[in-house]
Amino acid sequence: LPFAMLVALLATRPSMPVAAVWAVILVNLAWAAESVVLALGGWVQPTALGQAFVLAQAVAVAGFAAAEYAGLRRPMASAA
C-alpha cells in the first residue's frame, strides 16, 4: 500500500523527478524477478493455478516497468 501511494503521489505531479521514476521502475523489476524466483525456485510449492497467477503477475509488473521506462524516453509534450 505505501508503494501504491507513492506511485499515486508521483502521478499527480505536473513534473516527476527522474530519480523517483527510476526508483519505481527498479522496484517493479525487482518485484517481477522475485515473483519468478518464488514461483519457480522450489522454496514454496504453490498449486498450478497459484504458480500461473504469480507468473502472470510478474509479467504484468514487468510490463508496467517497461511502460514507465518508455514514458521516461518519450519527449515531453509542450503545454501550448
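Quick caveat: nothing in here was measured; it's all calculated off a predicted structure.
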Table please: side-chain donor-acceptor pairs of residues 25-35 below 3.5 Å, with sequence neighbours left out.
unit_1	atom_1	unit_2	atom_2	d
N28	ND2	E68	OE1	3.0
N28	ND2	E68	OE2	3.0
S35	OG	W31	O	2.9

Sub-4.5 Å side-chain heavy-atom contact between L9 and M5:
no
Gap between atom CG of L6 and atom CG of L1 - 0.5 Å precision:
11.5 Å
Tightest non-hydrogen contact, residues Q51 and P46, listed as N-CB, 3.9 Å
Check against side chain to side chain contact (heavy atoms under 4.5 Å, CB included), Y69 and V21:
CA-CA 8 Å; Y69 177 73; V21 177; over 6 Å; no
Using the side-chain contact (heavy atoms from CB on, under 4.5 Å) criterion, which residues pair with V7? Sequence neighbours excluded.
F3, V24
From L72 atom CG to M16 atom CE, the distance as rounded to the nearest 0.5 Å:
8.5 Å
Apart from V37 itself, what residues make up its hydrophobic cluster when side-chain heavy atoms of I, L, V, M, F, W and Y under 4.5 Å apart count as a link, directly or indirectly?
W43
Are F53 and L38 in one and the same hydrophobic cluster, where Ile, Leu, Val, Met, Phe, Trp and Tyr link if side-chain heavy atoms are under 4.5 Å apart?
no
V54 side chain near V36 side chain, heavy-atom distance below 4.5 Å
no
